[in-house]
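Below, read A as the first sequence line, B as the second, and so on, with proteins coming before strands; counting in each chain starts at 1.
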2 protein chains.
Amino acid sequence: MSNKRSRTLAERIRENFDELTRAEHQLADIILENYPVSAMGSITILANASRVSTPTVARMARKLGFSGFPAMQIALREELEATISNPIAKHERFAEGAPDTHILNRFADAALENMRQSLKRIDPDAFDKVAALLSNSESDVYVAGGRITHTIAQYFFTHMQVIRKGMNLIDAGSSTWPHFVLNMNEGDVLVAFDIRRYERDLLRLAEMATARGATLVLFTDQWGSPAARHARHVFNLRIEVPSAWDSSVVTLFLVEALLAAVQTNTWGETRDRVEALEELFDKTKLFRKFS
Amino acid sequence: MSNKRSRTLAERIRENFDELTRAEHQLADIILENYPVSAMGSITILANASRVSTPTVARMARKLGFSGFPAMQIALREELEATISNPIAKHERFAEGAPDTHILNRFADAALENMRQSLKRIDPDAFDKVAALLSNSESDVYVAGGRITHTIAQYFFTHMQVIRKGMNLIDAGSSTWPHFVLNMNEGDVLVAFDIRRYERDLLRLAEMATARGATLVLFTDQWGSPAARHARHVFNLRIEVPSAWDSSVVTLFLVEALLAAVQTNTWGETRDRVEALEELFDKTKLFRKFS
DNA sequence: AAAACTATGTATAATATTTTTCAATAAGCA
DNA sequence: TGCTTATTGAAAAATATTATACATAGTTTT
């Protein structure tokens with residue numbers, strides 16, 4: 001009798017089952033049988049499925065405390081939303097001891113949500129195809145980024161250089177990129193990062209590179225860089241956080257996942273290179289021995 | 001081409017994302033953001049939520065291969081029915097359409113867990129203190145990273161340079177860092193990144209810098225760099241992922257959160273600097289106008 | 001710089017949905 | 001049985017939803 005708002009439709013039906021009539025029982029059965037999907041269509045569909053008239057459906061909605069059938073559907077959608085959108089507790093406190101409003105928690109919330117949303121939009125098949133492209137050491141790979149994303153590009157480049165030969169990092173903001181384009185051949189790959197405040201130079205680079213037959217793989221944001229139209233594969237990532245700047249966390253995540261995939265693909269050849277590199281580092285005594 | 005019926009709406013959106021227009025992107029975002037509930041109401045509700053007109057919604061439904069919006073909704077309901085009645089859908093899959101064992105999902109799992117573990121270990125108070133240190137423009141700030149972490153250091157540096165003066169990036173791997181140490185004064189701050197395969201140079205840099213009275217803020221991994229003993233504040237981050245390399249995702253996350261905190265602290269002064277920078281970029285026409 | 005094209009929203013027409021009315025039927029009761 | 005009341009659905013009215021036509025703004029091409 002108390003808070004009607006918080007009760008689910010299923011609960012309301014079960015509570016009031018005794019007060020329901022013959023035709024309404026029939027209807028209730030159908031609703032519960034395939035809950036909640038069966039009640040998400042039109043009143044007509046539901047009525048037909050229950051072999052009941054549409055007014056019966058409307059009347060029952062009223063009887064259960066809703067203002068009408070549409071109100072019942074809205075409640076049902078909200079119910080579903082609450083059920084579905086909460087596989088991992090959304091409002092889990094990350095940094096314990098800090099209030100929910102602390103920047104750490106707000107940032108963590110945003111970063112997590114960005115990751116989830118971004119992953120929803122990534123086509124695993126495209127991911128695999130890009131990994132395959134980058135695993136083919138026959139073709140050269142060029143990497144380019146913008147003002148902010150250049151560091152991510154560099155990160156990608158540094159690791160890829162260990163994995164394979166034929167890697168080229170296109171300098172940031174400089175006007176030397178035409179030299180790189182000159183060297184590109186049919187089948188080479190250009191990996192570009194272009195996040196909002198899309199850069200003109202990058203668009204032109206994408207144009208010229210694809211004109212020369214290079215395949216463009218583009219990392220961009222949810223709105224999409226204009227260079228996307230030249231790209232064979234595009235990754236649209238969520239980048240918004242409670243800050244004056246955009247976040248590169250998800251971009252870096254995808255870069256790392258891609259590195260892992262490529263490395264797995266090419267493990268035969270990579271192994272030797274990695275081991276050789278380790279040896280080099282040992283010789284230069286750059287690192288402390290790791291315990 | 002093949003069996004259109006079996007493709008989910010989400011898949012269709014991903015596949016055709018390139019062919020979608022600006023308004024349609026907006027719409028697609030909303031649909032995917034709270035999938036599939038957001039598209040289960042009326043076309044009007046969905047249009048309003050996406051800040052798009054109803055015809056845009058109807059047009060996109062067509063574009064995605066449905067006969068109209070109602071057809072799309074029916075498909076969505078069938079999808080939902082299939083999902084809900086399928087008891088397997090317990091464990092959240094990040095990249096839908098890819099198996100749990102796909103590197104994307106394994107990587108996402110690991111990254112998420114890293115973030116959670118790392119945040120548990122971060123002292124919010126220490127975080128605030130570091131933010132305060134970095135907000136004080138009286139003292140200079142030096143940033144140093146290692147072979148891999150150098151790019152993260154650079155990322156941090158690039159953003160901090162917009163926020164405040166007195167920022168210095170110590171070159172990677174070079175032997176020029178003694179020059180930087182010479183310039184350090186009592187109260188200056190050294191932000192160092194040292195992840196396993198801890199680097200000797202970095203340890204020595206930390207020693208000398210703190211000897212000169214600088215305050216060391218250290219980003220390291222869960223095992224802890226040897227430089228930690230010289231540090232005033234240490235952030236221990238989880239970095240393990242299913243890959244031959246360590247992940248820098250969480251490190252970048254914390255860096256960004258710190259940037260946001262510092263930027264909030266110094267908004268009075270930062271504002272002018274950011275605006276001046278925007279103006280500079282506008283003048284150089286480096287960027288396309290953002291709509 | 002003008003022309004051609006594309007994208008998008010407003011207004012409106014077409015369509016579907018929901019509710020109301022009311023007559024028919026069934027059920028309860030003296 | 002016959003009277004009363006409750007339940008139900010057909011049909012129509014009221015309302016909401018969806019699609020179309022068209023004008024405008026924006027973009028690209030020439």
ring-ring contact (aromatic ring centres under 6.0 Å, His included) against B/Phe69, all qualifying residues, sequence neighbours excluded: none
Atom-to-atom span, CD of B/Gln26 to P of C/dG9 - whole angstrom: 8 Å
Which nucleotide in C/dT18, C/dA11, D/dT18 has an atom nearest any side-chain atom of B/Pro55: C/dA11
For residues 182-192 of chain A, run the donor-acceptor check on the side chains, cut-off 3.5 Å, and write out each pair with its distance to 0.1 Å, sequence neighbours left out.
residue, atom, partner, partner atom, Å
A/Asp188, OD1, A/Asp140, N, 3.0
A/Asp188, OD2, A/Asn185, N, 2.9

Global bending angle along the helix from C/dA1-D/dT30 to C/dA30-D/dT1, which compares the axes of five pairs at either end, to 10 degrees: 30°
Value in whole Å for how far the P atom of C/dA14 lies from CD1 of B/Ile43: 18 Å
Audit row: A/Phe219, A/Asn236, side chain to side chain contact (heavy atoms under 4.5 Å, CB included) steps and yes/no: CA-CA 6 Å; A/Phe219 287 73; A/Asn236 293 97; over 6 Å; no
Rounded distance in Å - CZ (A/Arg229) to P (D/dT27): 12 Å
B/Asn48 CG to D/dT18 P, straight-line distance once rounded to whole Å: 12 Å
Any A/Arg62 side-chain N or O less than 4.0 Å from OP1/OP2 of C/dT18: no
A/His25 to A/Leu20 - nearest heavy-atom pair and separation: NE2-O, 3.2 Å
Atom pair distance, as rounded to whole Å: NE2 in A/His25 and P in D/dT8: 10 Å
side-chain hydrogen bond (donor to acceptor under 3.5 Å, both in side chains) partners of residues 56-67 of chain B, not counting sequence neighbours, each pair once: B/Glu24-B/Lys63, B/Ser53-B/Thr56
Atom pair distance, as rounded to whole Å: CE in B/Met40 and C1' in D/dT17: 16 Å
Residue list, side-chain hydrogen bond (donor to acceptor under 3.5 Å, both in side chains) with B/Asp18, at least two apart or on another chain: none
Below 4.0 Å: OP1/OP2 of C/dT17 and any side-chain N or O of A/Ser42: yes
Between C/dT15 (C1') and B/Phe69 (CZ): distance, integer Å: 15 Å
Pairs satisfying salt bridge (charged side-chain N to carboxylate O under 4.0 Å, His left out), at least one member in residues 30-48 of chain B, at least two apart: A/Arg238-B/Glu33
ring-ring contact (aromatic ring centres under 6.0 Å, His included) involving A/Phe127 - partner list, sequence neighbours excluded: B/His102
Set of ring-ring contact (aromatic ring centres under 6.0 Å, His included) partners for A/Tyr155, sequence neighbours left out: A/His159
Whole angstrom value for the distance that separates P of C/dT15 from CD of B/Gln73: 19 Å
Name the pairs: protein N/O against N/O of nucleotides 4-8 of chain C, kept only if under 3.5 Å.
residue, atom, partner, partner atom, Å
C/dT8, OP1, B/Arg22, N, 3.4
C/dT8, OP1, B/Ala23, N, 2.7
C/dT8, OP2, B/Thr21, OG1, 2.1

